[in-house]
Amino acid sequence: MNILITGGAGFIGSHLCKTFLEKGESVTCVDNFITGSKDNIKDLLNNKNIRLIEHDILTPLYINDSIDWVLHFASLASPKDYIAYPIKTLKSGLLGTHNCLGLAKAKNAKFFFASTSEVYGDPLVHPQVEEYWGNVNSIGVRSCYDESKRGGEALAYAYYRQHSIDIRIVRIFNTYGPNMQIEDGRVVSNFIVQALKGEDLTIYGRGNQTRSFCYISDLVAGLLKIMSIDYKLPLNLGNSCEFTVKELAKSVLKLTKSKSKIKFLPLPEDDPKKRKPDITKAKKMLNWQPKISLEEGLKKTIGYFREKLG
Ligand code: NAD
Ligand code: UDP
């Protein structure tokens with residue numbers, strides 16, 4: 001198969017490139033490196049089955065060769081980045097998705113959209129089932145991301161209805177692991193980097209908000225499985241073990257044996273109070289479930305950052 005991955009030099013994208021190459025597939029990695037890094041893929045570039053196209057997906061992309069799948073993962077993904085670049089973020093989910101769907105249509109390829117748990121906003125239904133339509137503030141600071149992904153889902157569906165493009169939509173819940181950037185800004189990488197540097201861990205608010213953290217290998221296994229079945233409705237993928245942010249901070253301190261202290265900073269606007277995926281559908285349809293506990297995943301991620309920080 002020829003698989004094109006936008007955002008292929010990012011955290012999730014680089015793991016996908018690696019996995020497909022290991023399976024003997026051909027990979028086209030498209031990235032503009034706004035948050036991704038060449039370091040994430042430098043070892044992969046020795047493989048004859050990968051090519052890198054440095055390209056901003058806000059501009060249409062034309063490819064001569066055949067393509068079987070377009071996997072659209074390019075987007076600003078960390079709240080710190082998307083709040084700083086709201087227009088770019090909206091464009092990645094809307095214009096970028098439109099361009100990728102156009103490419104999929106031209107190549108008669110299947111289209112895969114990396115959506116997010118953020119489509120549920122600050123959820124009033126817990127855990128979040130796919131049928132829940134969400135609680136998003138359409139003009140809040142997070143709306144650039146949430147609405148771009150909601151719009152991306154709508155675009156994918158419009159192409160499916162009007163042009164019969166074969167689509168997959170996965171709503172990814174907080175995923176972490178190696179290949180996240182030191183300065184990524186999301187909570188797991190922030191806490192680990194702070195703990196390893198001996199800096200205060202920055203908890204936003206009182207730390208009672210919850211998230212459910214999925215290790216990257218579990219997510220990738222689920223993403224691959226949904227590509228192998230015919231299912232066009234949005235599907236949640238993530239780990240359903242829920243932790244408060246304060247519990248996460250304590251686990252990181254324990255596992256790094258760090259002497260760092262905790263400091264409390266203001267809670268960002270519209271920060272969801274709780275988040276946990278209902279993964280009943282994914283379990284049943286994909287015969288999949290996460291295997292890596294938070295402790296195990298944190299240990300692997302701590303090892304990665306320890307090496308990266310030198
Ligand atoms: P990331 O920032 O590590 O990766 C995103 C990649 O996209 C980067 O390499 C970046 O340079 C690239 N990119 C951004 N805009 C681009 C553009 N206009 N043109 C070309 N490349 C561009 O983030 P990630 O965590 O790997 O996220 C990947 C995808 O998964 C995103 O679409 C994100 O919304 C989605 N997602 C991730 C999570 C998570 O917990 N990691 C959760 C939900 C959804
Ligand atoms: N958070 C925190 N300290 C940090 C970074 C994030 O307390 O240094 C909190 C953030 O306010 C949110 C949760 O951790 O409640 C998860 O944040 P993240 O940026 O990882 O992603 P989100 O789930 O909000 O998209």
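Every number for a ligand or one of its atoms is a count from 1 in the order of the listing. Every heavy atom of this structure was used, including side-chain atoms; hydrogens, water molecules and symmetry mates were not.
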Do any N/O atoms on Ile12 end up under 3.5 angstrom from N/O atoms on ligand 1? yes

So which heavy atom in the protein is nearest atom 10 (C) of ligand 2, and how far is it from that ligand atom? Asp271 OD2, 3.3 Å

Counting each atom of ligand 1 from 1 as listed, which ones have a heavy atom of His55 under 4.0 Å away? 19 (N), 20 (C)

Region of Arg186 that comes within reach of ligand 2 [heavy atoms, distance under 4.0 Å]: both

of all protein heavy atoms, closest to atom 3 (N) of ligand 2 is Thr202 O, 2.5 Å

Heteroatom distance test (Ala77, ligand 1): nitrogen or oxygen, under 3.5 angstrom: no

In this structure, atom 18 (P) of ligand 2 is nearest to the protein heavy atom Val187 N, 3.8 Å

Please list, in number order, the atoms of ligand 1 under 4.0 Å from a heavy atom of Ser115. 43 (C), 44 (C)

Looking only at distances, please establish whether an N/O atom of ligand 1 is found under 3.5 Å from an N/O atom of Gly13. no

How does Asn174 reach ligand 1, by side chain, by backbone, by both or by neither, if only non-hydrogen atoms under 4.0 Å count? backbone

With the threshold set at under 4.0 angstrom, would you say Pro79 reaches ligand 2 through any of its heavy atoms? yes

Quick one: does Gln194 get a heavy atom under 4.0 Å from ligand 2? no

Backbone or side-chain N or O of His72 under 3.5 Å from ligand 1 N or O: no

Between Asn179 and Ser14, is any side-chain donor less than 3.5 angstrom from a side-chain acceptor? yes

For atom 5 (C) of ligand 2, the protein heavy atom that lies nearest, with its residue and separation: Tyr204 CE1, 3.3 Å

Tell me whether Arg186 reaches ligand 1 (any heavy atom closer than 4.0 angstrom to a ligand atom). yes

Near Lys149, which atoms of ligand 1 are under 4.0 Å from a heavy atom of that residue? 31 (C), 32 (O), 33 (C), 34 (O)

Is a side-chain donor or acceptor of Gln194 paired with a backbone partner of Thr202 at a separation under 3.5 angstrom? yes

Joint hydrophobic cluster, Tyr120 plus Val245, side-chain heavy atoms closer than 4.5 Å: no

What do you reckon, does Thr116 have a nitrogen or oxygen under 3.5 Å from a nitrogen or oxygen of ligand 1? no

ILVMFWY network linking Ile3 to Leu52, side-chain heavy atoms under 4.5 angstrom: yes

So, is Phe73 polar-close to ligand 1, with some N/O to N/O distance under 3.5 Å? yes

Does the plane of the ring in Tyr160 sit parallel, tilted or perpendicular to the ring in Tyr157? Use 30° and 60° as the thresholds. perpendicular

Which of the numbered atoms in ligand 1 are below 4.0 angstrom from a heavy atom of Gly36? 8 (C), 9 (O), 10 (C), 11 (O)

Contact region, Tyr145 to ligand 1, non-hydrogen atoms below 4.0 Å, reads side chain

Ligand-residue contact atoms, ligand 1 with Asp56, heavy atoms, under 4.0 Å: 17 (C), 18 (N), 19 (N)

Arg211 to Phe173 six-membered ring, cation-pi geometry met (6.0 Å, 45°): no

Compare Asp31, Asp184, Leu223 and give the one whose heavy atom is closest to atom 12 (C) of ligand 1. Asp31

For Lys80 and ligand 2, answer yes if some heavy atom of the residue is under 4.0 Å from a ligand atom, otherwise no. no

Hey, are Glu269 and Arg142 close enough for a salt bridge, meaning a charged N less than 4.0 Å from a carboxylate O? no

Numbered in order shown, the ligand 2 atoms found under 4.0 Å of a heavy atom of Val245 are 7 (O), 13 (C), 14 (O)

Numbered in order shown, the ligand 1 atoms found under 4.0 Å of a heavy atom of Phe33 are 11 (O)

With distance as the sole test, does Asp31 use its side chain to make a donor-acceptor pair with the main-chain N or O of Ala9 at under 3.5 Å? yes

Within 6.0 Å of NZ in Lys273, more than 12 heavy atoms from elsewhere: no

What do you reckon, does Ser92 have a nitrogen or oxygen under 3.5 Å from a nitrogen or oxygen of ligand 1? no

Is there at least one pair of N or O atoms, one from Gly10 and one from ligand 1, spaced under 3.5 Å apart? yes

The single option from Leu90, Thr89, Ile83 passing side chain to side chain contact (heavy atoms under 4.5 Å, CB included) against Leu76: Thr89

Option of least heavy-atom distance to atom 21 (N) of ligand 1 (set: Thr97, Asn32, Leu237, Ile172): Asn32

Atoms of ligand 1, numbered as shown, that sit under 4.0 Å from any heavy atom of Ile57: 17 (C), 18 (N), 19 (N), 20 (C)

What protein heavy atom sits nearest atom 21 (O) of ligand 2, and how far away is it? Asn174 ND2, 3.7 Å

Students should be able to answer this: which protein heavy-atom is nearest to atom 22 (P) of ligand 2, and at what distance? Arg142 NH2, 3.5 Å

Distance-only polar pair, side chains of Arg171 and Ser117, donor-acceptor under 3.5 Å: no

